[in-house]
There are 2 protein chains.
Amino acid sequence: MSSDRTRSAILAAAEKLYADRGFGDVTLRDIVAEANVNLAAVNYHFGSKDELIAELFVTRSLATNRERLNELKAAEEKGGGRAPIDAILHALVGPTLRGCLGPDREGSTAARFMIRASIESVPPIRRIKNREVDHLRKFIAAMRRAMPGRDDADLYWGLHFALAMAHHTIRERERLTKLSEGQCDLNDVDAIVDRVVAVSVMALTAGETPAKKAPARSAMPQGRLTRQDL
Amino acid sequence: MSSDRTRSAILAAAEKLYADRGFGDVTLRDIVAEANVNLAAVNYHFGSKDELIAELFVTRSLATNRERLNELKAAEEKGGGRAPIDAILHALVGPTLRGCLGPDREGSTAARFMIRASIESVPPIRRIKNREVDHLRKFIAAMRRAMPGRDDADLYWGLHFALAMAHHTIRERERLTKLSEGQCDLNDVDAIVDRVVAVSVMALTAGETPAKKAPARSAMPQGRLTRQDL
DNA sequence: TTGCAATTCAAACAGTCGTATGAAACTATC
DNA sequence: GATAGTTTCATACGACTGTTTGAATTGCAA
C-alpha cells in the first residue's frame with residue numbers, strides 16, 4: 001500500500017511545519033509542498049485540515065498520557081496500592097516536562113509541536129483537551145488515597161497548580177531564560193521536575209485554604225508526604 | 001470631533017467580539033457591523049487590524065501593570081523601603097486575578113478580553129508581551145531586597161511559578177470548575193489570590209533547588225516572610 | 001490480461017479576508 | 001459662504017483559504 005507513505009509524509013510534514021511556524025500561518029499548500037504530495041491528498045486521507053491537526057495532537061497526547069499512567073501505576077504497585085504524593089505528582093508532570101524540555105528534545109519535532117499546541121490552542125486541539133478531564137480524575141483518585149484527610153478542593157487546587165507550573169514553564173521557557181538572563185537552567189529537566197513536584201507537594205501538605213484555620217494534621221501520614229529535601 | 005466616537009465605537013465593538021468569540025473568527029467586517037461604522041474606518045483610524053488589537057491589549061495591559069506597581073510601591077513605603085515577600089507577590093498576581101476572575105467581573109468585557117488574550121496569544125499581543133520583561137524586573141528587584149540571601153535563580157523561579165499559577169487559573173478556570181465539579185470556588189477571588197501567594201511564598205522560602213542542600217536560613221528575616229496562616 | 005478499487009493529480013470552486021481607492025459628506029476657519 | 005482638511009462611505013482589489021471534482025494513474029485480484 002503506497003497510501004501509507006503519503007499519509008505518513010503528510011503527518012511528518014505537518015508536524016514539522018506546525019512546530020516551526022505555528023498553526024496560524026501554515027496552510028495545506030505549505031504542508032503538501034513539504035511532503036511532496038498532492039493538495040487533495042490531505043482531504044482524501046484525513047477528511048479535513050482540522051482532522052489532520054487532531055490526529056497529530058491525539059497521537060502525541062495519548063503517548064504522554066500513557067506514560068503518565070504507567071509511571072503512576074508503577075508508583076502505586078511499589079507502594080502496595082498507595083503511592084506517595086510526590087510520586088503521583090512526579091508521574092503527572094514528569095512526562096510532559098521531559099517530552100517538551102531538555103537539550104536532546106530541543107530539535108525534536110514532536111516536542112516543538114506539543115509546545116505549539118500548548119501555546120496556540122486551536123479549536124480541534126481545544127476539543128481534545130476538554131476530554132482530558134477523565135484522565136486527570138485518575139490522578140485525583142490516587143491523590144485522595146495518598147492524602148485521605150485532605151479536602152477534595154485542596155487536592156484539585158494542588159493538581160491544578162502542578163499543571164500550571166509545568167505548562168507555564170514549557171510555554172514561557174524562552175521568556176524565563178530571557179528574564180533570568182540564563183540563570184534559570186531550562187536544560188536540566190530533572191531539576192525542573194523536582195522543583196515543580198517539590199512546590200506542589202508543599203502546596204498540598206502545608207497549604208490550607210487561607211481563610212480557614214489550619215486543622216490538626218494528625219490524620220495525615222506526614223512522614224511520607226514530605227520530601228527528604230524539604 | 002466626531003472621529004472620536006467612531007474610534008471608540010470600533011474599540012468597544014472589537015473588544016466585545018474578541019472577548020466573546022476569540023481572535024480566530026472575528027473579522028473586521030464583524031467589528032464594523034457591531035460598531036455601526038464603515039469597513040474602511042478601521043484602517044483609517046488604526047492603520048491595520050493588528051494595530052487595533054495591539055491598542056486594545058496595550059490599554060488593558062498598562063492598566064494592570066500600573067495597578068501592580070502602585071500596590072508594590074504602597075507595600076514598600078509601608079515597610080520602609082522593603083516590602084515583605086508576600087506583599088510583593090500579592091501586588092504581582094492580585095491585579096491580574098482580580099481583573100479576570102470574580103462574579104462581578106463575569107460580565108466585564110475587559111476581563112473576558114484579557115482572558116482571551118491570555119489563551120490565544122495572537123502575534124501582535126505576543127510582541128507586546130515580550131516587552132513585559134522590564135516590568136517584571138522591578139518585582140525581581142523588590143524580591144531581592146526582601147530576601148537578600150536567596151539565589152537569584154530561586155527568585156526567578158518563584159516569580160515564574162507565581163505567574164504560572166495566576167495565569168493558569170485564569171486560563172483554565174472552566175476546566176478546573178468542571179474537573180472539581182464546582183468544589184473549587186472560582187468566584188472567591190481573594191481566597192484564590194491568597195492561595196497563589198501562599199504557595200509562591202512557600203516555594204520561595206522553603207524551596208531550594210532540590211539537588212542542593214538547604215542552607216542555613218539565619219540570613220533571612222523569617223518572621224516577616226511567613227504568612228500567619230502557614 | 002482484464003476488471004475493479006484505491007490512490008493521485010491538475011484544476012477549479014466558492015468563499016473570505018485585510019486593505020486600498022476615490023468620491024462624497026462633513027466640519028471648522030477665515 | 002467659499003475653502004481646506006478631516007472623516008465617512010460604497011465598492012472593488014488581489015490574494016489566499018480549505019475543499020471538491022472528475023479524470024488519470026496505479027496496484028492488486030481473478
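As a basis for the values below, the full set of heavy atoms in this structure was taken, side chains included, without hydrogen atoms, waters or symmetry mates. To find a chain, count down the sequence lines: A is the first, B the second, and so on, and within it residues start at 1.
Between the CZ atom of A/Arg5 and the P atom of D/dG27 there is a distance of 9 Å, rounded to whole Å. The distance from atom CG of A/Asp25 to atom C1' of C/dC17 is 15 Å, rounded to the nearest whole Å. Atom-to-atom, CG of B/Asp4 to C1' of D/dT8 comes out at 15 Å; the value is rounded to the nearest Å. Taking atom CG of B/Leu52 as the reference point, atom C1' of C/dT19 lies 14 Å away to the nearest angstrom. At whole-Å resolution of the value, CZ in B/Arg7 and P in D/dT8 are 11 Å apart. Atom C1' of nucleotide C/dA20 and atom CG of B/Asn38 are separated by 12 Å, given to the nearest angstrom. Across the protein-nucleic acid pair, B/Phe46 atom CZ and C/dT19 atom P stand 13 Å apart, rounded to whole Å.
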Detail all sub-3.5 Å separations between protein N/O atoms and N/O atoms belonging to nucleotides 16-19 of chain D.
residue : atom : partner : partner atom : Å
D/dG18  : OP1  : A/Lys49 : NZ           : 2.5
D/dG18  : OP2  : A/Leu28 : N            : 3.1
D/dG18  : N7   : A/Arg29 : NH1          : 2.9
D/dG18  : O6   : A/Arg29 : NH2          : 2.9
D/dT19  : OP2  : A/Asn43 : OD1          : 3.3
D/dT19  : OP2  : A/Lys49 : N            : 2.9
D/dT19  : O5'  : A/Asn43 : OD1          : 3.4

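Distances shown here put a side-chain N or O of A/Thr6 below 4.0 Å from the OP1 or OP2 atom of C/dT8. Between D/dT8 and B/His45, a contact under 4.0 Å exists linking OP1 or OP2 to a side-chain N or O.
The pair B/Arg127-B/Asp50 meets the salt-bridge criterion, with a side-chain N (NZ, NE, NH1 or NH2) lying under 4.0 Å from an Asp/Glu carboxylate O. Using a cutoff of 4.0 Å between basic side-chain nitrogens and carboxylate oxygens, B/Lys178 and B/Glu172 are not scored as salt-bridged.
A distance-only check finds no donor-acceptor pair linking the side chain of B/Ser118 to the backbone of B/Met114 [under 3.5 Å]. The main-chain N or O of A/Val26 is never found under 3.5 Å from a side-chain atom of A/Arg21 such that the two would form a donor-acceptor pair.
Taking the six-membered ring for Trp and the full ring otherwise, B/His160 and A/His168 have centroids separated by under 6.0 Å.
The aromatic rings of B/Phe23 and B/Tyr18 lie tilted to each other, with the angle between the two planes from 30° to 60°.
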